[in-house]
Amino acid sequence: MRAASLALALALTTAATTTGCADVEGLQSEGDLGEVNAPLTLWGNIHPSPPTPGERPGEAAPVPGLPRVPGGSMRGVDALSVVRADITSAARQDAGTGRLLDPRAVQRLKLCTQPVDGGPDCPVRPPVLHDLTDDGKDDLIAAVDIDGRLSELRVYTVRDGTITRVLSRRGVLEGVEVAAAHLAVREPTSNPSLVSISEYVWDPGSGTMALAALTLDECPALKESATPCPPSEI
């Protein structure tokens, strides 16, 4: 009797293995699932050189040549002067490599010929004040449009009385949104039906607006949203 039971169990196990997976209807075959190949690494022995000090756009950097702000808030600070000082300093440090700054940014700022807003041809967007560092004090969000498509985005805060850049990035700013201590940047992709969304949040450890999430989203229809799908050419 024991031998018969073992034989029956072995027969059922063999049938389950050769037939496929079971569901509420019984055993069914899933067919040939094909061959699974591991990804092939290209140029695995070649790696980029690490950035030298000062070549990391995401690092916090005090903006030189500006007066101290004892109150700790960017409200009331001349935004154009902050952007001009930062761009000038970054261009000097970048030395034309384009790693920290688009080399055209300095020339573009020469179009800002009037105080406060720079005048009608100034490529600096209207400044935005928002508490991104979650300390109850306003930070400054600014952008310089380089060529009608590409822009330099900057975020500034006050650290120990010194105006400090805590975010620096270049991109096609299809949309920039703030919510609480989050900053989201929408950019077009090579797929005209998708946009990429980079989300930044305040990181007290590094003292920067750190990248927290990078996602893809479907472009909303023109009739449904104020942020339509961007052109496919990027």
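Values reported hereafter were calculated over all heavy atoms of this structure, with side chains retained and with hydrogens, waters and symmetry mates removed. In this chain, numbering begins with 1 at the start of the sequence shown.
Here the closest non-hydrogen pair linking Thr162 and Pro62 is CG2-CB, 3.9 Å. In terms of heavy-atom proximity, Tyr156 sits nearest to Ala142 at CE1-CB, 4.4 Å.
By the side chain to side chain contact (heavy atoms under 4.5 Å, CB included) test, Lys110 is found to be paired with Gln107, residues two or more places apart in sequence or in another chain being considered. Listed by chain and residue number, nothing satisfies the side chain to side chain donor-acceptor pair (under 3.5 Å) test with Arg92 (two or more places apart in sequence, or in another chain). Listed by chain and residue number, nothing satisfies the salt bridge (Lys or Arg N to Asp or Glu O under 4.0 Å) test with Asp160 (two or more places apart in sequence, or in another chain). Residues satisfying the side chain to side chain contact (heavy atoms under 4.5 Å, CB included) criterion with Val116, sequence neighbours excluded, are absent altogether.
Following chains of ILVMFWY side-chain contacts shorter than 4.5 Å, one cannot reach Ile197 starting from Val201, and the two form parts of different hydrophobic clusters.
Contact of the Pro127 side chain with the Leu140 side chain is registered, since non-hydrogen atoms from C-beta on lie closer than 4.5 Å. No side-chain heavy atom of Val195 sits less than 4.5 Å from a side-chain heavy atom of Leu216. In this structure, the side chains of Cys112 and Val124 come closer than 4.5 Å at one or more pairs of heavy atoms. Between Leu211 and Tyr200, the closest side-chain pair of non-hydrogen atoms falls below 4.5 Å. Under the 4.5 Å side-chain criterion, counting only non-hydrogen atoms from C-beta, Leu183 is in contact with Met209. Taking the side chain as every heavy atom from C-beta outward, Val155 and Arg165 never approach each other to under 4.5 Å. Residues Thr88 and Val106 are not in side-chain contact: their nearest non-hydrogen atoms beyond the backbone lie 4.5 Å or more apart. Here the side chains of Glu187 and Arg169 are in contact, with some heavy-atom distance below 4.5 Å.
Between the side chains of Thr164 and Arg159, not a single donor N or O lies within less than 3.5 Å of an accepting N or O. For the residue pair Asp86/Ser89, the side-chain donor-acceptor check at 3.5 Å is not satisfied. Between the side chains of Asn191 and Ser193, at least one donor N or O sits under 3.5 Å from an acceptor N or O. Side-chain contact of Thr208 with Ser206: a donor-acceptor pair under 3.5 Å is present, judged by distance alone. Between the side chains of Asp139 and Thr133, at least one donor-acceptor pair of N or O atoms lies under 3.5 Å.
Judged as a salt bridge (Lys or Arg N to Asp or Glu O under 4.0 Å), the pairs with a partner in residues 111-125 (not counting sequence neighbours) are, in order, Arg125-Asp145.
Checked options Val144, Ile87, Ile146, Asp147; the residue passing with Asp102 is Ile146 (criterion: side-chain contact (heavy atoms from CB on, under 4.5 Å)). Of the residues Asp138, Val69, Leu66, Leu129, the one that meets the side-chain contact (heavy atoms from CB on, under 4.5 Å) test with Val77 is Val69.
Annotation: the span from Ile141 atom CD1 to Leu167 atom CG amounts to 9.0 Å, rounded to 0.5 Å. The CD atom of Glu199 sits 7.5 Å away from atom OG1 of Thr215, with the distance rounded to the nearest 0.5 Å. Expressed to the nearest 0.5 Å, how far CD1 of Ile163 lies from CE of Met74 amounts to 4.0 Å. Taking NE2 from His182 and CG from Asp134, the interatomic distance works out to 9.0 Å, rounded to the nearest 0.5 Å.
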### Task
Would you please test Arg104 and Glu152 for side-chain contact (heavy atoms from CB on, under 4.5 Å) and show each step?
CA-CA 11 Å; Arg104 297 170 293 176; Glu152 294 276 356; over 6 Å; no
### Candidate pair Leu214 and Ser198, rule side-chain contact (heavy atoms from CB on, under 4.5 Å), full reasoning
CA-CA 5 Å; Leu214 183 60; Ser198 303; 3.3 Å; yes
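Taking Ile, Leu, Val, Met, Phe, Trp and Tyr as hydrophobic and joining them when side-chain heavy atoms fall under 4.5 Å apart, one finds Trp43 in a cluster with Leu40, Leu42, Ile46.
Within the 3.5 Å criterion, the main-chain N or O of Gly98 finds a donor-acceptor partner in the side chain of Arg170. In this structure, Ser168 contributes its side chain and Arg154 its backbone to no donor-acceptor pair below 3.5 Å. Without hydrogens or angle criteria, Ser151 side chain to Leu153 main chain gives no donor-acceptor distance under 3.5 Å.
Using a 4.0 Å cut-off between charged side-chain N and carboxylate O, Asp217 and Arg186 make a salt bridge. Ion pairing of Arg99 with Asp94 is absent here, as no side-chain N (NZ or NE/NH1/NH2) approaches a carboxylate O to less than 4.0 Å. The pair Asp135-Lys137 does not count as a salt bridge, with every side-chain nitrogen at least 4.0 angstrom from each carboxylate oxygen.
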